[in-house]
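Right, one structure below, let's go through it.
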Amino acid sequence: AGCVSRVELAVSCRSLLDRDLGSRSDPLCILLQDVGGGRWAELDRTERIKNCQNPEFSKKLIVNYYFEKVQKLKFGVYDIDNKSVDLNDDDYLGGIECTLGQVVSSSVFTRPLELKQGKPAGKGTITISAEEIKDTRVVYLEIEARNLDKKDFLGKSDPFLEFYKQSDAGTWQLVYRSEVIKNNLNPCWRKFSIPLQTFCGGNFNKPIKVQCADHDSDGSHDLIGSFETNLTQLQKAGDGSPVEFECIHPEKKQKKKSYKNSGIIRIKSCKIETEYSFLDYVMGGCQINFTVGVDFTGSNGDPKSPDSLHYISPDGINEYLIAIWSVGSVVQDYDTDKLFPAFGFGAQVPPSWQVSHEFALNFNPSNPYCQGIQGIVDAYHQILPQIRLYGPTNFSPIINHVARFAAHSAQGTASQYFVLLIITDGEITDLDQTRQAIVNASKLPMSIIIVGVGEADFQAMEVLDGDNGVLKSLTGEPVARDIVQFVPFRQFKNAPREALSQVVLAEVPKQLVSYYKWQGWPPVKPP
């Protein structure tokens, strides 16, 4: 998966230990990332500040951020007394280990420094705050033209536009090409948008060249004319007062004294808007609520039998538990209370032995919350011997259950988003009701992840994922946005545990942003 974004970490420390005789320590902070197998690799380091116990480092530490991974980081503070880059000959003033998810999901992250696990480094603390490196502004343009030159022998011209920005070296770089409008000398192109960074590198006075050309199917497009401008000029367009430019063909201008222009290009509107990113929402206070739904239907097989999908192996795991750990370990960093509702469906539950499609794993319907991912795992272990696997396999009750919470929270602020993880052997019974439940949920701040365990063919799950076509309800209503991600566990049987969460969660940032963008809601605390 591509890197979601780059993050800049600002670091400061308080009350560092004094390791220098006669003067204060000269601290520097280093950032390491866990690269697996107990190995740590240096990502970046700050400058060294002389004689300072409360340093605020000006050099920011840069790190690539991936939502779908647990990125373990280590910050180490050293007293530097020599010119060598190697830190082994420098005094260690303390450090911390944490995850990047913990840092980005708290507005200010302060921890006591430790010399080693459990041994504090005096009163020393470290404070880290994260900021995303980006320019999220987007330029929206609406453009039309009139009286363009006729270039085709038989018909009129088939005009299209090209925008170029000038690079620092002076060359022109294409940033946008419009659609072609056939046989029309007074075209009106459809509204389009370009990230400000792409359009002009964020510089409003950078030269922009606009070319209008006549499209020929053999690729030999004829120039109608061009002009140069910049974003400052384009921005004057809007509110019914367009900005007009003469479209000039340089050769025609040279040849003919009476030449005026080859048409007028008219900028009807030019707006600059901010597009918020996933991290803007998370850093702005959006909590991600994680709920788990576990399939306890008869098709899983008797949990006491080794060929059952619910059979817990001697080392204490099965596919259900691995899926809960894998996905939960990433999502938990984004939820402050670490209380996760967990439900089962499709089993007969004591004392009445009625079939239930949304029973609390901890048997406490008024408080179905488990403490941390470990709490879900413990509840699963306890409930397994107490229920009878049964059927049918109905997904809609648990989707509707989470949707009720999501609907309740969707009160005009981007403060709560819901992720529902359903783990199933895939033999779904209520496909039509589930389709309707997903269509309804697509209008709410929620995403659904389905992990298919076992060897079934999962055709119904592929339908729900909607990747091959838009998922529609029985009545033909399409989803408002794509919110379901399905993956079969068997593809990850021999892969490292992280691989599952990376594939499953890669879509969540896009889905969260798409919901709030659709609603037009900024982050609770915008950057």
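Positions are given from 1, in the same order as the sequence printed here.
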Point to revise | Pairwise side-chain contact, Val508 with Glu68, heavy-atom cut-off 4.5 Å (strictly under) | key: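 Counting from C-beta outward, Val508 and Glu68 never come under 4.5 Å.
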The criterion is side chain to side chain contact (heavy atoms under 4.5 Å, CB included); which residues satisfy it with [X], sequence neighbours excluded?
X	result
Asp315	Ser313, Ile317
Asp333	Thr99, Gln102
Ala130	Val7, Leu9, Val103, Val104, Met283

task: In plain terms, say whether Asp44 and Lys59 are close enough for a salt bridge, that is, a side-chain N and a carboxylate O under 4.0 Å apart.
output: yes
Item to check | Centroid-centroid under 6.0 Å between Phe296 and Phe345 rings | outcome: no
Centre-to-centre under 6.0 Å for Tyr380 and His310, is that the case here?
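Ring centroids of Tyr380 and His310 are less than 6.0 Å from each other.
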Should the ring pair Phe163 and Phe199 be called parallel, tilted or perpendicular, given that the plane angle runs from 0 to 90° and is split at 30 and 60? tilted
Can a donor-acceptor pair be found, under 3.5 Å and without considering hydrogens, that links the side chain of [X] to the backbone of [Y]?
X	Y	value
Ser308	Asn300	yes
Gln71	Asn64	yes
Ser105	Tyr334	no
Asn364	Asn367	yes

According to salt bridge (charged side-chain N to carboxylate O under 4.0 Å, His left out), does anything in [range] pair up with another residue at least two apart or in another chain? List the pairs.
range	answer
residues 361-382	none
residues 440-460	Lys443-Glu477, Glu455-Arg490, Glu455-Lys493
residues 268-285	Lys134-Asp280, Glu144-Lys268, Glu275-Lys517

Discussion item. For a quick test of reading the model, state the closest non-hydrogen atom pair linking His381 to Leu321 and the distance between them.
Written reply: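 Reported closest heavy-atom pair: NE2-CD1, 3.8 Å.
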Review point. Is there a side-chain contact (heavy atoms from CB on, under 4.5 Å) between Arg435 and Leu471 once you walk through the steps?
Key: CA-CA 7 Å; Arg435 279 164 48 189; Leu471 175 72; 3.7 Å; yes
Looking at Trp353, is Arg388 sitting on its ring face, NZ or CZ under 6.0 Å from the six-membered ring centre and within 45 degrees of the normal?
yes
